[in-house]
Each structure stands twice: as C-alpha cells, then as structure tokens.
Participant: 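A single structure is presented below for examination.
If you're wondering where the values come from, they're calculated on a predicted model, not measured in any experiment.
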Amino acid sequence: MASAAAMSGERFVSLAVDGAVNALVVGLDGPALRELAGMSRATPSEDVRDLLPGALAEVGVAPPVSVDEANLINLRTLAIHALLGWIPIRSLTSWAHAAIGHQGIDAAQSIVMLDDDLDLSESGVNNTAEARVIIEAFLAASRHLVDRFAVAAARARDCGSAIARTQGVD
C-alpha cells in the first residue's frame, strides 16, 4: 500500500518504513530494503519515493503502474477498514469522491455514487446495512484488478514463513 499511497500523492513515509521493517523481520533482505527500514518516519517523502521501487523489486512486489491502479488499491484498503469499523463509511466515500470522482475508475463508481447517496440522506436516516452491501460488492468485483499484488505479497509472506521455519521460529 505504501507504493499505492506514493503514487496517489498521500503521505506514506511511515507506511513504507514500517513495511520495510516488517519485511526484514520475516527474513526478506536487500540494500534498498535495509536503507528504507533505517529511515525515520520524519524523512521527506521524496527520499522514500526514490528508494521504494528498488525495495519493492528486492522482495518481488511490482509497484502499481498507474495512478488509477494506485487509487484502486487505496480504495480497497479503505473499504476494508470501513467494513471493520476502523474508519467511518463516510470517510471512505468522501475519499473516493474526492480522489477518484465520477470520471475515474469504473470499478470504483459504486463507492463514488454511495457518497452522493449519503449526501442526499444526511438529513434522514443513514442505512449502514445497505452501504455495507455496496462496499462488499465493490470489494468482490474489484479483486481481480489487484490480484497481481496479492500474489506478490503472498510470495513474500511465504518466503518469510519458510525462513522462520528453517530458523525454528513459528
């Protein structure tokens, strides 16, 4: 997600640094990854942006290729956070409307339109159950668009698990 956040212009330094540290902990390694893990969360985003592609390549994760792809990854992450109750549904829909809009990614339009629906219903009762159904449908329908990132992340996770097993760590 750090790479997606970088491409879509969000502040992402702490996410990238934490991700690099976590990758090292599970046994992944590389010069750019070590340098990124050693950075402060106060490091300028430009410095992290320069290292991120190399660090991702070292662990076998392809960066998003477009801003639309990055926005879709961020939207899926926010949708999961909304379903878990970590952020309000309104935060998800407002972000989608502002970052993606009606002219953006087709796969995200149900969330963008949900924001419009919530605008209309703010004076009345907000149907959270219906919003959850829309969010779940978006996640199901858009999964195939980000599968290549999930596959790369699973390879990295499996590599870390294998290394931990060889070192007697479960």
Participant: Under the rule for side-chain contact (heavy atoms from CB on, under 4.5 Å), what residues qualify as partners of Ile80, not counting sequence neighbours?
Facilitator: Leu84, Leu139

Participant: Checking the side chain of Glu35 only, and the main-chain atoms of Leu51 only, is there a donor and an acceptor separated by less than 3.5 Å?
Facilitator: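 No; judged by distance alone, with no hydrogens or angles, the pair does not exist.
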
Participant: Kindly write out the residues that satisfy salt bridge (charged side-chain N to carboxylate O under 4.0 Å, His left out) with Asp115, not counting sequence neighbours, or none if the list is empty.
Facilitator: Arg90

Participant: Distance from Asn74 atom CG to His81 atom NE2, nearest 0.5 Å?
Facilitator: 10.0 Å

Participant: Between Phe138 and Leu75, is any pair of side-chain heavy atoms under 4.5 Å apart?
Facilitator: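 In contact.
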
Participant: Tell me, please, which residues at least two apart from Arg34 pass side chain to side chain donor-acceptor pair (under 3.5 Å).
Facilitator: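 Side chain to side chain donor-acceptor pair (under 3.5 Å) check on Arg34 returns Asp29.
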
Participant: Mark yes when over 12 heavy atoms from residues, nucleotides or ligands other than Glu136 sit less than 6.0 Å from its CD; otherwise mark no.
Facilitator: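 Correct, the count exceeds 12.
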
Participant: Please give me the minimum heavy-atom distance between Ile134 and Ser110, naming the atom from each residue.
Facilitator: CG2-O, 3.8 Å

Participant: If you measure from CD1 on Ile135 to CD1 on Ile89, what distance do you get to the nearest 0.5 Å?
Facilitator: 4.5 Å

Participant: Tell me the closest heavy-atom pair linking Pro31 and Glu58, and the distance in Å.
Facilitator: CD-OE2, 3.3 Å

Participant: Nearest 0.5 Å please: distance from the OG1 atom of Thr93 over to the CG atom of Asp117.
Facilitator: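 With rounding to 0.5 Å, OG1 (Thr93) is 9.5 Å from CG (Asp117).
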
Participant: For the CG atom of Leu78 and the OG atom of Ser94, what is their distance to the nearest 0.5 Å?
Facilitator: 11.0 Å

Participant: Restricting to non-hydrogen atoms, name the atom on Ala32 and the atom on Gly54 that form the minimum distance, rounded to 0.1 Å.
Facilitator: CB-C, 3.9 Å

Participant: Where do Ser142 and Arg76 come nearest, in terms of heavy atoms and distance?
Facilitator: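 Between these two residues, the closest heavy atoms are OG-NH1, 2.8 Å.
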
Participant: In terms of hydrophobic clustering (I, L, V, M, F, W, Y; side-chain heavy atoms under 4.5 Å; direct or indirect links), are Leu120 and Met113 co-clustered?
Facilitator: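 They do not share one cluster, since no chain of ILVMFWY contacts under 4.5 Å joins Leu120 to Met113.
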
Participant: List the atom pairs, donor and acceptor, that lie under 3.5 Å between side-chain atoms in residues 99-109 and the rest of the protein, sequence neighbours left out.
Facilitator:
| residue | atom | partner | partner atom | Å |
| --- | --- | --- | --- | --- |
| His102 | NE2 | His97 | NE2 | 3.0 |
| His102 | NE2 | Asp116 | OD2 | 2.8 |
| Gln109 | NE2 | Gly101 | O | 2.9 |
| Gln109 | NE2 | Ile105 | O | 3.2 |

Participant: Can you tell me how far the CG atom of Asp47 sits from the CG atom of Leu36, to the nearest 0.5 Å?
Facilitator: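 Nearest 0.5 Å value for the CG-CG distance: 10.5 Å.
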
